[in-house]
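When reading the values below, keep in mind they use all heavy atoms of this one structure, side chains included, and skip hydrogens, waters and symmetry mates.
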Amino acid sequence: MRIRNSWTVVGVMLILALLVGACQPVTEAPAAEEMAGDDMAAPLKVAFVYVAPIGDLGWTYAHDEGRLYLEENLEGGAETAFIENVPEGPDAERVIRDFAQKGYNLVITTSFGYMDPTLTVALEFPDQYFVHVSGFKTADNMSTLFGRMYQPRYLSGLVAGSMTETNVIGYVAAFPIPEVIRGINAFTLGVREANPDAEVRVVWTNTWFGPPEEKEAAEALLDQGADIIAQHQDTTEPQKAAAERGGTSIGYNSDMRVFVGDSVLTGPVWNWGPAFVKFAEQARDHNWVTEQYWGGMDDGIVGMAEMSPSVPEDVAAMVADKQAMIVSGEMDVFCGAMNGQNGVQFLEDGQCMDDGQMLGMDFFVEGVVGEAPGEAAPLGN
């Protein structure tokens, strides 16, 4: 009886609450014209498609830092969304199209394999805007975005070449595409400038995000005598492998010393935020200008992480001097007499590779030990 009486009381209270609520005035939603003022404008909706989890502490982590920067710095505000671990291919096209159908004003896709899916969806939604990171295809409403990462790669090579004791530096690399090959070559040019006796040994993992494969590749290079490990991968696993063996490493994407420790000497890093804001402003203001953006150290999209305390002061000073020369335009990396891995000279004094040549690079320079799809061609070919 006690339980039944309690439920009776509760029922009476609920009825009274409903009656009271029914007597309250209804507040109507404001008319559309009342919300049309600039101060009530809806924030720009921006979506991001990620190839790996944010927790990779590398490539995707750096992009997500850029997303947060966008939220904090876009005038008028930005409402953002993202999906992690989206495979390159049909799944990517489905995810990109879903964001477009949900009315996102700008969709930013962050892996090379998203290029064709992004273009396909961009052509279907001409009134929305798209940015593809690292690709080369564009449309009236689709731009590309990347940075001259080869510049800080070269600077990090100066550090590695100056500090190796075995003259063997390992490089864990994802795929043999021009972006990765260009970075290996720039790094090697820095290594050899600091230490002509050093070599860079490359192991391909054929994955962007594969923590076990990345660690195994680093361990294989350490077994071959490498005392410094560099990488073009999405995670900190190569850096962890080096630290576990008492070696040192060069990070990539983000400041990996934060996550691994002072065994990470330095590393090339991305600063995506300002570029995201730039494209978001174009989308917000409907003044879109399709472009193939390839910024350098001079505009800050790429840079160098802070040096570990174990980097000698004279090495840090040398790197700072070279960085200043790159930023000022006094020098660039792929300039001057250079030979390919096959011993063929492909540049002479006073000559620099143009953007097209760098973007299509498929061969290794002298000093790299590993396999690349192509070979350096003689001068004039």
Could you go step by step and tell me if V49 and T110 meet the side chain to side chain contact (heavy atoms under 4.5 Å, CB included) rule?
CA-CA 6 Å; V49 183; T110 63; 5.6 Å; no

Evaluate R148 against D355 for salt bridge (charged side-chain N to carboxylate O under 4.0 Å, His left out), listing each step before the verdict.
CA-CA 10 Å; R148 297 178 185 271; D355 284 357; 2.9 Å; yes

Evaluate side chain to side chain donor-acceptor pair (under 3.5 Å) for D262 paired with S310, printing each intermediate quantity in order.
CA-CA 7 Å; D262 288 341; S310 60; over 6 Å; no

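Few gaps surround CD on E291; more than 12 heavy atoms of other groups in view lie less than 6.0 Å from it.
Side-chain contact between F99 and I83 is present, with at least one heavy-atom pair separated by less than 4.5 Å. Taking the side chain as every heavy atom from C-beta outward, Q151 and Q323 never approach each other to under 4.5 Å. With a 4.5 Å cut-off on side-chain heavy atoms, T120 and R97 count as touching. In this structure the side chain of Y154 reaches within 4.5 angstrom of the side chain of M331, judged on heavy atoms. Contact of the Q233 side chain with the P211 side chain is not registered, since no non-hydrogen atoms from C-beta on lie closer than 4.5 Å. Looking at Q128 and V107, their side chains never come closer than 4.5 Å, going by heavy atoms from C-beta outward.
Between F276 and H63, the ring planes are parallel. Angles under 30° get that label, and only those over 60° would be called perpendicular. In this structure, F279 and Y293 have perpendicular ring planes: the angle between them is above 60°, well past the 30° mark. Ring planes of F187 and Y171: perpendicular class, angle over 60° (limits at 30 and 60°). Ring orientation note: the planes of Y252 and H232 are tilted relative to one another, at an angle of 30° to 60°.
Aromatic pair W208/F112: ring centres not closer than 6.0 Å.
Side-chain heavy atoms closer than 4.5 Å link hydrophobic residues (I, L, V, M, F, W, Y) into clusters, and following such links, possibly through other members, connects V258 to M304. The same ILVMFWY cluster, assembled from side-chain heavy atoms under 4.5 Å apart, contains both V327 and L158. Under the 4.5 Å side-chain heavy-atom criterion for Ile, Leu, Val, Met, Phe, Trp and Tyr, V315 and I229 are members of distinct hydrophobic clusters.
A pairwise comparison of heavy atoms in Q292 and T138 identifies CG-CG2, 3.7 Å as the closest pair. Across every non-hydrogen atom of Y61 and D56, the tightest pair is N-OD1, 3.0 Å.
Side chain of E244 to backbone of A241: no donor-acceptor contact under 3.5 angstrom is found.
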